[in-house]
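Each remark here refers to the structure printed beneath this line.
Below, chain A is the first sequence line, B the second, and so on; all start at residue 1.
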Amino acid sequence: MTDTDESSQFDEESYPSDGSLDYDSEDQDMEDSQFWEEDEEMEPSSDNFGAMSHSEAIQVDHTALAASSQRVLEPEDLLKGQAADVARVSELTALEPWRAELLLWKDDWKVDHVITKYLEQGEKVLREAGMLSDDPVEFVISKPRPDFMCFLCCDEDKATSFKLACGHECCTECYSHYLRGKIQENGSLDITCPMNCKEIVPKPAVMLLTDKKLQAKYQSTLCTRYVRAHNDMKWCPAPDCGKAVKANISVTDESVIPIAECNCHQQFCLACNIDEDHLPCPCKVAARWLEKLRDESETMTWMSVNTKPCPKCTNPIEKNGGCNHINCTQCGNHFCWVCLGDWAKHGSSNYQCNMYSPEQAEEDQKSVNAKREQLDRYMFFYTRYNNHRDSAKLDEKTYKNITKTMETLQKEGKMTWLESRFLPSSFEILRQSRQTLLWTYAFAFFLDAQPEREIFLKNQEDLELHTEGLSELFEYKWDRIPGAKVNFLDKCSYLKSRRQKLVEHVMKGMEERNWKFLN
Amino acid sequence: MNALPKRISKETERLVKEPVPGISAAPHDDNLRYFDVTIDGPTSSPYEGGTFKLELFLPEDYPMVPPKVRFLTKIYHPNIDRLGRICLDVLKSNWSPALQIRTILLSIQALLGAPNPDDPLANDVAQKWKEDEKTAIQTARDWTKEYAKA
Ligand SMILES: [Zn+2]
Ligand SMILES: [Zn+2]
Ligand SMILES: [Zn+2]
Ligand SMILES: [Zn+2]
Ligand SMILES: [Zn+2]
Ligand SMILES: [Zn+2]
Ligand SMILES: [Zn+2]
């Protein structure tokens, strides 16, 4: 099993102790959730998380702007989703729910696939999923058979025992003890019979033999697997959040950037592993940029006086000592520090740089220059990208002062709390704009020459100008704030529309597959 | 320490009464969870003629967790490292409480007869085993002569 980090987010209370709710909870779902009911009626075969139209599903405008309608899923929602899938498979295959659940687990919760496969292949599928017999099973703790000796503890006088369809009987204590170990190691529907046979211990058996705390851990492992199995679902990456987000659109469509926002305000991309809003960059471009950042951080040292790039491989070489014969450790190139020419042509004893053909030298110098030019170009975008990252950090400081300012305004009788609510919402606009702005530099870095590029750059310039404009307002002392309210609101609405315009322009190009990126 | 679980006494009893050919295992008098083990190198393996000492310890949670086993005698084998640790699936993820000390020792004996350089613990040995099996086997023989003389 794989993960440990996602387990702590489940508290024991959110789970039924007997597992009963998991299988027959449909009625309850109908009662407490209206969209659920609608969904069931409209489109019985679709997933269980409600239609896009549900008002809560639409987050703040910028995610909608990314065409990402989404739904935040609490642990209970995940359990309900699983229960509904189980109920559906169980209904259409006439299998007991616990068998349906094992099939779903085995085939990554692909409901329709599981149903078809079972209807086509029958019992074979059950064997493969760890159900060795299809006799009806009752999961009960019972009195052991007369000549019973528990194989695990070798005791003969145990009051109760348990066995699965495979018939391997162990005393209840040993069975529970065994399950505890497996669950703590993130086992779930892959835990087999302790007697080393292939029979899987299904959920009702686990529920029967474990305490509440272990059941919660077990359910959480199941949920982790459930979320993993869906490419349109992802755990919120914020530590200790414990919620997942589901997209109600296709996340595999490359013309879409499904940036999700959790109820805890963490933003992350549902299609790639970047845990922030990387609009307007398509995932691939954003990933390339981050890779570039990693690569270049090493080569930055180039610019320092004592290093030169190796003319062959551009590995930065530091000259130590007076000898001009340089041997590149990366590619093995021998070259001359003074003219960067091939050392072999300098003669063995007393080198003369003028022995070297000026054309060749020019050629070499050109390639070095080209490399430097590339680096300069990168530095241009990197500096701006990084600047906005740093500014974003400073903005966070500003944000902390906002509450103080609001308190002061109220105390001095200048503005009520309600009247000063525009400050935090303006800040949110500022934060979003800066976030988009910094990624525009990554986008622009890879953007090939094309007419639309000019429009993009113009939009970027505009966004930058007005982001800084709004940012400045936040520097005002508290007593200037009431007078600046209109200014705040104007700047915000303008900035918002600038950001929207820029993102929409990029998205439109993506839909039409118009953007050409450099290789 | 708690009283010795019945399971352990039973296993020990059987190991002594019906020993496996080529394997011996005896618990310490002062710690019945700690066993001195010897395994004879299987015939027609590079370890033939050697007697290898191992230590085996049954953790508190045994049999829910596997026993801890380690070679004490120096051995040249791709699945056994310098410290005598053994790379064997049944000692790790494939452990099941249905297995016993006996089955584990048999698996180790089998491992001596069939080294598996594709799942190495001692990388340098495995490398050698793959590149130049002849020399590797000779080294294993030499080590057996030098360190595992009965
Ligand atoms: Zn028992
Ligand atoms: Zn079994
Ligand atoms: Zn969250
Ligand atoms: Zn992405
Ligand atoms: Zn020199
Ligand atoms: Zn080089
Ligand atoms: Zn020169």
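No more than 12 heavy atoms of other residues, nucleotides or ligands shown are found within 6.0 angstrom of NZ on B/Lys68. The number of heavy atoms from other shown groups lying within 6.0 Å of NZ (B/Lys145) does not exceed 12. The environment of B/Arg82 atom CZ is sparse: at most 12 non-hydrogen atoms of other residues, nucleotides or ligands sit within 6.0 angstrom. Under a cut-off of 6.0 angstrom, the local environment of CG in B/Asp29 is sparse, with at most 12 non-hydrogen atoms contributed by other residues, nucleotides or ligands.
Contact count versus chain B (heavy atoms, under 4.5 Å) is highest, among A/Cys154, A/Gly181, A/Cys174, for A/Cys154.
B/Lys6 is not listed as a side-chain neighbour of A/Met149, based on a closest heavy-atom distance of 4.5 Å or more.
Closest of all the heavy-atom pairs between A/Leu152 and B/Arg7 is O-CD, 3.1 Å.
Of the atoms belonging to A/Cys193, not a single heavy atom falls under 4.5 Å from chain B.
Within the model, atoms SG of A/Cys153 and NZ of B/Lys10 stand 10.0 Å from one another, a figure rounded to the nearest 0.5 Å.
When the heavy atoms of residues 90-107 of chain B are compared with those of chain A, the residues falling under 4.5 Å are B/Trp95, B/Ser96, B/Pro97, B/Ala98, B/Leu99, B/Gln100, listed by number.
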